[in-house]
**Q** 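The structure follows.
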Amino acid sequence: MKKIFLIFIFVFTIAFVFCGCGGEEDMKTAPGTLVGIHYDRTNGSAANDEFHIYITPHSFAAEYWPENVDEWVYDETMLGYVMTEKTGEISEEQWKEIEETFLAVYPEIIPVKKKEGFFEKLKNKFIEEPFVLDGGDSTNLSAEWQTEEGIVTENLYNPQGTNGYRFYLLLKELADPAGRKIPELEK
(Lines give C-alpha, C1' and ligand atoms only; values in the text may rest on other atoms or scores of the structure.)
Protein backbone atom coordinates (compact mmCIF):
# COMPACT_ATOMS: atom_id res chain seq x y z
CA MET A 1 0.00 0.00 0.00
CA LYS A 2 2.86 2.36 0.88
CA LYS A 3 4.50 1.64 -2.49
CA ILE A 4 1.30 2.53 -4.40
CA PHE A 5 0.97 5.74 -2.40
CA LEU A 6 4.58 6.74 -3.20
CA ILE A 7 4.06 5.97 -6.91
CA PHE A 8 0.89 8.09 -6.86
CA ILE A 9 2.75 11.00 -5.23
CA PHE A 10 5.61 10.65 -7.74
CA VAL A 11 3.27 10.62 -10.75
CA PHE A 12 1.25 13.53 -9.36
CA THR A 13 4.42 15.58 -8.78
CA ILE A 14 5.70 14.91 -12.31
CA ALA A 15 2.31 15.79 -13.83
CA PHE A 16 2.14 18.95 -11.71
CA VAL A 17 5.59 20.10 -12.82
CA PHE A 18 5.11 19.36 -16.53
CA CYS A 19 1.59 20.74 -16.92
CA GLY A 20 2.53 24.05 -15.33
CA CYS A 21 -0.32 23.89 -12.83
CA GLY A 22 1.62 25.79 -10.21
CA GLY A 23 -0.94 28.57 -10.00
CA GLU A 24 1.42 31.08 -11.58
CA GLU A 25 -0.08 33.52 -14.04
CA ASP A 26 1.10 32.55 -17.53
CA MET A 27 0.77 35.98 -19.11
CA LYS A 28 2.97 36.73 -22.05
CA THR A 29 4.51 40.18 -22.17
CA ALA A 30 5.47 42.00 -25.31
CA PRO A 31 9.17 41.56 -26.14
CA GLY A 32 9.52 45.21 -27.16
CA THR A 33 7.71 48.06 -28.89
CA LEU A 34 5.30 47.02 -31.63
CA VAL A 35 6.53 48.46 -34.95
CA GLY A 36 4.79 46.30 -37.55
CA ILE A 37 2.02 43.80 -38.15
CA HIS A 38 1.71 41.45 -41.12
CA TYR A 39 -1.68 39.74 -41.47
CA ASP A 40 -2.61 37.26 -44.23
CA ARG A 41 -5.93 35.52 -44.53
CA THR A 42 -6.79 33.08 -47.31
CA ASN A 43 -9.91 30.97 -47.55
CA GLY A 44 -9.33 28.44 -50.31
CA SER A 45 -12.21 28.71 -52.71
CA ALA A 46 -14.44 30.76 -50.40
CA ALA A 47 -15.03 33.63 -52.76
CA ASN A 48 -13.71 37.05 -51.92
CA ASP A 49 -12.58 36.41 -48.37
CA GLU A 50 -8.84 36.84 -48.85
CA PHE A 51 -7.16 39.74 -47.11
CA HIS A 52 -3.50 40.73 -46.76
CA ILE A 53 -2.10 43.75 -44.95
CA TYR A 54 1.24 45.02 -43.66
CA ILE A 55 0.92 47.89 -41.24
CA THR A 56 3.42 50.10 -39.43
CA PRO A 57 2.82 53.08 -37.12
CA HIS A 58 2.80 55.41 -40.15
CA SER A 59 1.58 53.49 -43.22
CA PHE A 60 0.02 50.32 -44.60
CA ALA A 61 -0.08 48.23 -47.76
CA ALA A 62 -3.10 45.99 -48.34
CA GLU A 63 -4.60 43.62 -50.87
CA TYR A 64 -8.29 42.78 -50.47
CA TRP A 65 -11.69 42.28 -52.05
CA PRO A 66 -13.74 45.47 -51.60
CA GLU A 67 -16.89 45.16 -49.51
CA ASN A 68 -18.84 46.90 -52.29
CA VAL A 69 -19.02 44.54 -55.30
CA ASP A 70 -19.33 47.54 -57.65
CA GLU A 71 -15.70 48.43 -56.78
CA TRP A 72 -14.28 45.10 -57.96
CA VAL A 73 -11.74 45.35 -60.78
CA TYR A 74 -11.98 43.08 -63.82
CA ASP A 75 -8.64 42.31 -65.49
CA GLU A 76 -8.91 41.47 -69.20
CA THR A 77 -5.51 39.73 -69.29
CA MET A 78 -6.39 37.54 -66.30
CA LEU A 79 -9.98 37.04 -67.55
CA GLY A 80 -11.33 37.57 -64.08
CA TYR A 81 -11.60 39.85 -61.12
CA VAL A 82 -8.46 40.74 -59.20
CA MET A 83 -7.94 41.89 -55.66
CA THR A 84 -7.64 45.60 -55.02
CA GLU A 85 -4.25 46.88 -53.89
CA LYS A 86 -3.96 49.93 -51.71
CA THR A 87 -1.26 51.78 -49.80
CA GLY A 88 -1.71 54.72 -47.51
CA GLU A 89 -0.78 56.56 -44.39
CA ILE A 90 -2.47 56.04 -41.04
CA SER A 91 -3.09 58.48 -38.27
CA GLU A 92 -1.59 58.23 -34.81
CA GLU A 93 -5.09 57.50 -33.42
CA GLN A 94 -5.62 54.61 -35.88
CA TRP A 95 -2.27 53.04 -34.95
CA LYS A 96 -2.98 53.44 -31.21
CA GLU A 97 -6.36 51.70 -31.59
CA ILE A 98 -4.84 48.81 -33.57
CA GLU A 99 -1.88 48.55 -31.18
CA GLU A 100 -4.13 48.61 -28.09
CA THR A 101 -6.33 45.85 -29.52
CA PHE A 102 -3.34 43.74 -30.55
CA LEU A 103 -1.69 44.10 -27.14
CA ALA A 104 -5.00 43.07 -25.51
CA VAL A 105 -5.06 39.77 -27.45
CA TYR A 106 -1.30 39.22 -27.37
CA PRO A 107 -1.15 37.33 -24.03
CA GLU A 108 -3.71 34.84 -25.40
CA ILE A 109 -2.02 33.98 -28.70
CA ILE A 110 0.77 31.47 -28.92
CA PRO A 111 3.92 31.92 -30.99
CA VAL A 112 4.11 29.45 -33.86
CA LYS A 113 6.95 27.02 -33.19
CA LYS A 114 9.20 26.39 -36.19
CA LYS A 115 11.38 23.75 -34.53
CA GLU A 116 11.17 20.38 -36.26
CA GLY A 117 11.42 17.14 -34.35
CA PHE A 118 13.35 14.10 -35.55
CA PHE A 119 10.37 12.45 -37.26
CA GLU A 120 9.26 15.72 -38.87
CA LYS A 121 12.74 16.14 -40.37
CA LEU A 122 12.65 12.57 -41.73
CA LYS A 123 9.21 13.10 -43.21
CA ASN A 124 10.26 16.38 -44.87
CA LYS A 125 13.40 14.77 -46.28
CA PHE A 126 11.89 11.57 -47.71
CA ILE A 127 8.19 12.21 -48.28
CA GLU A 128 7.15 14.72 -50.90
CA GLU A 129 3.95 16.54 -50.04
CA PRO A 130 1.39 16.76 -52.86
CA PHE A 131 0.93 20.16 -54.49
CA VAL A 132 -2.55 21.43 -53.67
CA LEU A 133 -4.03 24.18 -55.80
CA ASP A 134 -7.02 24.92 -53.58
CA GLY A 135 -6.27 24.92 -49.88
CA GLY A 136 -8.44 25.57 -46.89
CA ASP A 137 -8.65 28.46 -44.49
CA SER A 138 -5.36 29.80 -43.26
CA THR A 139 -4.37 32.89 -41.35
CA ASN A 140 -0.81 34.02 -40.81
CA LEU A 141 0.05 36.74 -38.33
CA SER A 142 3.44 38.12 -37.49
CA ALA A 143 4.42 41.00 -35.24
CA GLU A 144 7.59 43.05 -35.51
CA TRP A 145 9.01 44.33 -32.23
CA GLN A 146 11.73 46.93 -31.69
CA THR A 147 14.02 45.53 -29.00
CA GLU A 148 17.46 46.44 -27.66
CA GLU A 149 18.93 43.88 -30.11
CA GLY A 150 17.04 45.34 -33.10
CA ILE A 151 13.86 44.29 -34.90
CA VAL A 152 12.51 40.88 -33.83
CA THR A 153 9.75 39.14 -35.82
CA GLU A 154 7.41 36.77 -34.02
CA ASN A 155 5.02 34.45 -35.90
CA LEU A 156 1.75 34.01 -34.02
CA TYR A 157 -1.52 32.14 -34.25
CA ASN A 158 -4.66 34.04 -35.22
CA PRO A 159 -6.30 35.87 -32.30
CA GLN A 160 -9.76 34.58 -31.37
CA GLY A 161 -12.74 35.93 -29.46
CA THR A 162 -14.32 39.37 -29.55
CA ASN A 163 -11.01 41.23 -29.35
CA GLY A 164 -9.52 39.03 -32.09
CA TYR A 165 -12.51 39.80 -34.31
CA ARG A 166 -12.15 43.49 -33.44
CA PHE A 167 -8.48 43.35 -34.47
CA TYR A 168 -9.41 41.79 -37.84
CA LEU A 169 -12.18 44.37 -38.46
CA LEU A 170 -9.88 47.30 -37.61
CA LEU A 171 -7.35 46.09 -40.19
CA LYS A 172 -10.06 45.42 -42.80
CA GLU A 173 -11.69 48.83 -42.21
CA LEU A 174 -8.33 50.57 -42.56
CA ALA A 175 -7.80 49.03 -46.00
CA ASP A 176 -11.41 49.21 -47.19
CA PRO A 177 -13.44 51.82 -45.25
CA ALA A 178 -16.98 50.48 -45.54
CA GLY A 179 -18.47 51.60 -42.23
CA ARG A 180 -18.11 48.23 -40.47
CA LYS A 181 -19.45 48.09 -36.92
CA ILE A 182 -16.35 47.61 -34.74
CA PRO A 183 -17.10 46.04 -31.33
CA GLU A 184 -15.78 47.69 -28.19
CA LEU A 185 -12.49 46.44 -26.77
CA GLU A 186 -13.11 43.89 -24.01
CA LYS A 187 -10.73 44.35 -21.11
Side-chain angles (χ1 to χ4, degrees), residues 24-75 78 80-114 134-147 150-187:
E24 296 177 38
E25 188 128 345
D26 189 26
M27 295 295 286
K28 214 174 17 165
T29 58
T33 303
L34 186 63
V35 294
I37 298 170
H38 189 242
Y39 184 91
D40 282 314
R41 178 178 180 173
T42 58
N43 276 6
S45 60
N48 318 321
D49 207 13
E50 292 195 22
F51 175 61
H52 315 285
I53 190 166
Y54 176 71
I55 182 170
T56 68
H58 308 289
S59 63
F60 72 93
E63 188 177 44
Y64 60 95
W65 292 101
E67 189 79 15
N68 183 356
V69 177
D70 295 335
E71 296 175 11
W72 289 9
V73 177
Y74 187 82
D75 187 333
M78 299 287 289
Y81 290 97
V82 293
M83 294 176 73
T84 299
E85 296 178 8
K86 182 177 181 181
T87 59
E89 295 182 3
I90 65 170
S91 68
E92 187 175 324
E93 293 81 27
Q94 287 172 311
W95 174 255
K96 284 186 188 254
E97 187 173 26
I98 291 168
E99 181 182 38
E100 180 183 28
T101 303
F102 181 77
L103 292 175
V105 297
Y106 182 73
E108 302 166 7
I109 52 181
I110 304 165
V112 177
K113 303 286 187 208
K114 295 288 185 181
D134 188 20
D137 294 353
S138 89
T139 302
N140 297 309
L141 173 64
S142 61
E144 295 176 351
W145 305 96
Q146 179 67 53
T147 66
I151 302 288
V152 174
T153 301
E154 186 175 41
N155 295 316
L156 303 159
Y157 286 104
N158 188 30
Q160 303 295 312
T162 304
N163 287 343
Y165 183 61
R166 173 186 165 79
F167 174 69
Y168 168 73
L169 286 179
L170 286 171
L171 298 181
K172 189 87 167 171
E173 187 67 19
L174 177 65
D176 180 28
R180 294 171 181 83
K181 182 168 172 35
I182 310 287
E184 292 294 318
L185 181 65
E186 288 184 357
K187 296 190 181 200

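In what follows, every heavy atom counts, from backbone to side chain, and hydrogens, waters and symmetry copies are set aside.
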**Q** Could you list the residues that satisfy salt bridge (Lys or Arg N to Asp or Glu O under 4.0 Å) with Glu154, not counting sequence neighbours?
**A** none
**Q** Ring centroids only, cut at 6.0 angstrom: are Tyr106 and Trp145 within range, meaning strictly under it?
**A** yes
**Q** I'd like to know if the side chain of Trp72 reaches the main chain of Pro66, judged simply by a donor and an acceptor atom lying under 3.5 Å from each other, with no hydrogens or angles considered.
**A** yes
**Q** Just jot down the ring pair (Phe, Tyr, Trp, His ring centres under 6.0 Å) partners of Tyr165, sequence neighbours excluded, or say none.
**A** none
**Q** Nearest heavy-atom pair of Leu141 and Tyr157: which atoms, and what distance?
**A** CD2-O, 3.8 Å
**Q** Mind checking side chain to side chain contact (heavy atoms under 4.5 Å, CB included) for Thr33 and listing every partner two or more places apart, or none if nothing turns up?
**A** Gln146
**Q** Residues two or more places apart in sequence or in another chain: which of them pass salt bridge (Lys or Arg N to Asp or Glu O under 4.0 Å) with Glu173?
**A** Arg180
**Q** Side chain to side chain contact (heavy atoms under 4.5 Å, CB included) with Ser59: which residues, sequence neighbours excluded?
**A** Thr56
**Q** Who pairs with Lys181 by salt bridge (Lys or Arg N to Asp or Glu O under 4.0 Å), at least two apart in sequence or on another chain?
**A** none
**Q** Side chain to side chain contact (heavy atoms under 4.5 Å, CB included) with Ala104: which residues, sequence neighbours excluded?
**A** Asn163, Leu185
**Q** CH2 of Trp65 to CD of Glu50: how many Å apart, nearest 0.5 Å?
**A** 8.0 Å
**Q** To the closest 0.5 Å, what do you measure between CD1 (Ile53) and CG (Leu174)?
**A** 5.0 Å
**Q** For Lys86, give me all partners under salt bridge (Lys or Arg N to Asp or Glu O under 4.0 Å), at least two apart in sequence or on another chain.
**A** none
**Q** Tell me, please, which residues at least two apart from Glu97 pass side-chain hydrogen bond (donor to acceptor under 3.5 Å, both in side chains).
**A** Arg166
**Q** If you look at every heavy atom in Trp95 and Gly36, which pair is closest and at what distance?
**A** CH2-N, 4.2 Å
**Q** Do you know which two heavy atoms are closest between Phe167 and Pro159, and how far apart they sit?
**A** CD2-CG, 3.9 Å
**Q** So, using side-chain hydrogen bond (donor to acceptor under 3.5 Å, both in side chains) as the criterion, who are the partners of Asp40 when residues are at least two apart?
**A** His52
**Q** Among all residues two or more places apart in sequence or in another chain, which pass the side-chain hydrogen bond (donor to acceptor under 3.5 Å, both in side chains) test with Glu186?
**A** Thr162
**Q** Under the side chain to side chain contact (heavy atoms under 4.5 Å, CB included) test, which residues partner Ser91, sequence neighbours left out?
**A** Glu93, Gln94
**Q** Checking Glu63 against Tyr54: is there a side-chain donor and acceptor pair closer than 3.5 Å?
**A** no
